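Here the structure is laid out as structure tokens; the discussion comes afterwards.
Just so you know, these numbers come straight off a predicted model, no measurement behind them.
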Amino acid sequence: MEHRHVGRTGLRVSRIGLGTLTWARDTGEREAADLLKAFWEAGGTLVDTADVYADGGAEYLLGRLLQDLVPRRDLVIATKAGGVPDPERRFDCSRGHLLAALDASLERLGTDYVDLWQVHAYDPFTPLEETLQALDTAVGSGRARYAGVAGFCGWQLAKAASWQLAAPGARTRLAGVQMEYSLLQRGVEREVLPAALDLEVGLLASSPLGRGVLTGKYRRSTPPGSRGASERLAPFVEPYLDDEAARIVDAVATAADGLAVTPLQVALAWVRDRPGVAAPIIGPRTSQQLGEALSVESLTLPDEICRALDDVSAPVHRYPDHDWSTL
């Protein structure tokens, strides 16, 4: 598998990452072991997790597999901190909470460091400079090799990245920003992606398959055993089951038929090769799903297919996002 740098840093990752959102909850240890081993054998390195996935269970499971299955040195482990189980305050990005969360993550993962440590979301109740100081402390202490953010809107990313760049050598440059990005969700193209490109921050694209909808599995009905059929995950999938999404999925299926590949492969290749994307992060539940995703390595979409998909999925950009010359 080819590798890419994340932003303007020395951090290199496989251009497809493996997500662990369902590990220790919907994905058991045996299934997770099969996925991780197949991913590693295919040349994959980037494994993404978070301290809130399965209330820490995903990190713990990954840590067990690192001890027995895959050498730690062969993987780029990315985790996130800042989420809290408090309905009144979903995120706590204070320095105290973040650094304590990092220590807890390292213990669950059974490692002395993580390769990429990310603030899980913007916390309006904590000064941003305090949050960013936690990143500096984590990298300076060796507990994290690189730092990034997730779920930041355009101005939040620009403010954070600029703050870190204002004192080169003293503050840790942001390597990446993790955001949802797919043919069904191109909102990052309004402000986040332009900011990331300008500031040379790499984009890690989560849910690159439109929460599974872009595979085409929901075109006629909701398959039993799918996330859309799960009581817990159905609300996660439901926003992408409207008429507009159906039109985009039909276009992806048409392109797939013309290329003799699957809709999953078309949708994933489109995201992977978008400007600014370091790696899409996939969340397969089965080895078959993983194998289909990994086969995208040999696929490059023709320019005319990319243009057609761009057109059919183009987001509406109104003032002041669009080209002012058309006003």
Side-chain angles (χ1 to χ4, degrees), residues 4-11 13 17 19 21 46-53 59 76-84 89-102 105 113-140 143-168 170-181 185 187-208 276-281:
R4 293 171 173 169
H5 287 273
V6 182
R8 191 182 177 186
T9 70
L11 177 62
V13 299
L21 175 64
L46 175 61
V47 181
D48 179 76
T49 189
D51 64 349
V52 293
Y53 293 173
E59 287 184 330
V76 175
I77 303 299
T79 194
K80 297 177 283 293
V84 291
R89 182 182 182 179
R90 294 183 57 202
F91 299 101
D92 181 353
C93 296
S94 64
R95 181 172 50 243
H97 174 80
L98 288 177
L99 293 175
L102 175 58
S105 289
Y113 70 95
V114 291
D115 298 277
L116 177 62
W117 189 47
Q118 304 157 97
V119 176
H120 210 154
Y122 183 82
D123 177 7
F125 301 106
T126 299
L128 182 59
E129 56 269 27
E130 178 182 333
T131 297
L132 296 173
Q133 285 167 3
L135 299 181
D136 298 335
T137 299
V139 173
R143 287 176 282 176
R145 297 294 192 253
Y146 294 89
V149 296
F152 276 40
C153 71
W155 72 263
Q156 293 163 354
L157 172 62
K159 184 177 180 180
S162 298
W163 175 267
Q164 295 303 93
L165 291 172
R171 297 173 188 162
T172 301
R173 184 188 190 106
L174 294 187
V177 57
Q178 187 172 148
M179 301 289 292
E180 184 171 350
Y181 190 25
Q185 180 51 271
V188 295
E189 294 178 7
R190 291 188 175 94
E191 292 189 339
V192 176
L193 192 52
L197 286 167
D198 185 70
L199 292 159
E200 297 180 294
V201 176
L203 180 70
L204 300 176
S206 59
S207 295
V277 172
I281 298 172

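Listed here is the closest heavy atom pair of Val177 and Ala196: CG1-CB, 4.4 Å. Residues Ala78 and Leu46 share a closest heavy-atom pair of CB-CD1, 4.1 Å. Nearest heavy atom pair, residue Pro208 against residue Ile281, reads CD-O, 3.0 Å. Of all heavy-atom pairs between Val188 and Met179, the closest is CG1-CB, 3.7 Å. Contact between Arg4 and Ala278 at its shortest, heavy atoms only, is CD-O, 3.2 Å. Considering every non-hydrogen atom in both Gly83 and His120, the closest pair reads N-CB, 4.3 Å.
Within the model, atoms CD of Gln178 and OG of Ser206 stand 5.0 Å from one another, a figure rounded to the nearest 0.5 Å. A distance of 5.0 Å separates OG of Ser162 from CG of Leu199, quoted to the nearest 0.5 Å. With rounding to the nearest 0.5 Å, the separation of OG1 in Thr131 from CZ in Arg95 is 9.0 Å. Rounding to the nearest 0.5 angstrom, the gap separating the CG atom in Asp136 from the CD atom in Glu129 is 11.5 Å. The line from CG of Leu98 to CD of Gln118 is 12.5 Å long, rounded to the nearest 0.5 Å. Atom CG of Leu203 and atom CG of Leu193 lie 6.0 Å apart (nearest 0.5 Å).
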Please lay out, stage by stage, how Arg143 and Leu99 fare under the test side chain to side chain contact (heavy atoms under 4.5 Å, CB included).
-> CA-CA 10 Å; Arg143 287 176 282 176; Leu99 293 175; 4.2 Å; yes

Apply side chain to side chain contact (heavy atoms under 4.5 Å, CB included) to Trp117 and Leu102, showing your working.
-> CA-CA 8 Å; Trp117 189 47; Leu102 175 58; 3.6 Å; yes

Apply side chain to side chain contact (heavy atoms under 4.5 Å, CB included) to the pair Tyr53 and Asp48, showing each step before the final yes or no.
-> CA-CA 10 Å; Tyr53 293 173; Asp48 179 76; 4.0 Å; yes

Steps toward side chain to side chain contact (heavy atoms under 4.5 Å, CB included) verdict (Leu128, Lys159) = CA-CA 9 Å; Leu128 182 59; Lys159 184 177 180 180; 3.7 Å; yes

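Put simply, the side chain of Lys80 never gets that close to the backbone of Ala150: no donor and acceptor are under 3.5 Å apart. With hydrogens and angles disregarded, no donor-acceptor distance shorter than 3.5 Å links the side chain of Arg190 to the backbone of Gly154. In this structure, Glu130 contributes its side chain and Leu132 its backbone to no donor-acceptor pair below 3.5 Å. Panel note: side chain Asp92, backbone His97; no donor-acceptor pair is recorded below 3.5 Å.
A cation-pi arrangement, defined by a distance under 6.0 Å to the six-membered ring centre and an angle within 45 degrees of its axis, is present between Arg145 and Tyr113.
Listed by chain and residue number, Trp270 satisfy the ring pair (Phe, Tyr, Trp, His ring centres under 6.0 Å) test with Tyr181 (two or more places apart in sequence, or in another chain). By the ring pair (Phe, Tyr, Trp, His ring centres under 6.0 Å) test, Tyr122 pairs with Phe152, Trp155, sequence neighbours left out. Contacts of Pro194 classified as side chain to side chain contact (heavy atoms under 4.5 Å, CB included), with partners at least two apart in sequence or in another chain: none.
Glu191 places none of its side-chain heavy atoms less than 4.5 Å from the side chain of Leu157. Looking at heavy atoms from C-beta onward, Leu116 lies in side-chain contact with Leu204 at the 4.5 angstrom threshold.
Side-chain contact check for Gln164 and Arg171: no donor-acceptor pair (N or O, by modelled atom type) lies under 3.5 Å. Between the side chains of Glu59 and Ser105, at least one donor N or O sits under 3.5 Å from an acceptor N or O.
Within a 6.0 Å sphere centred on CZ of Arg90, other residues, nucleotides and ligands contribute 12 heavy atoms or fewer.
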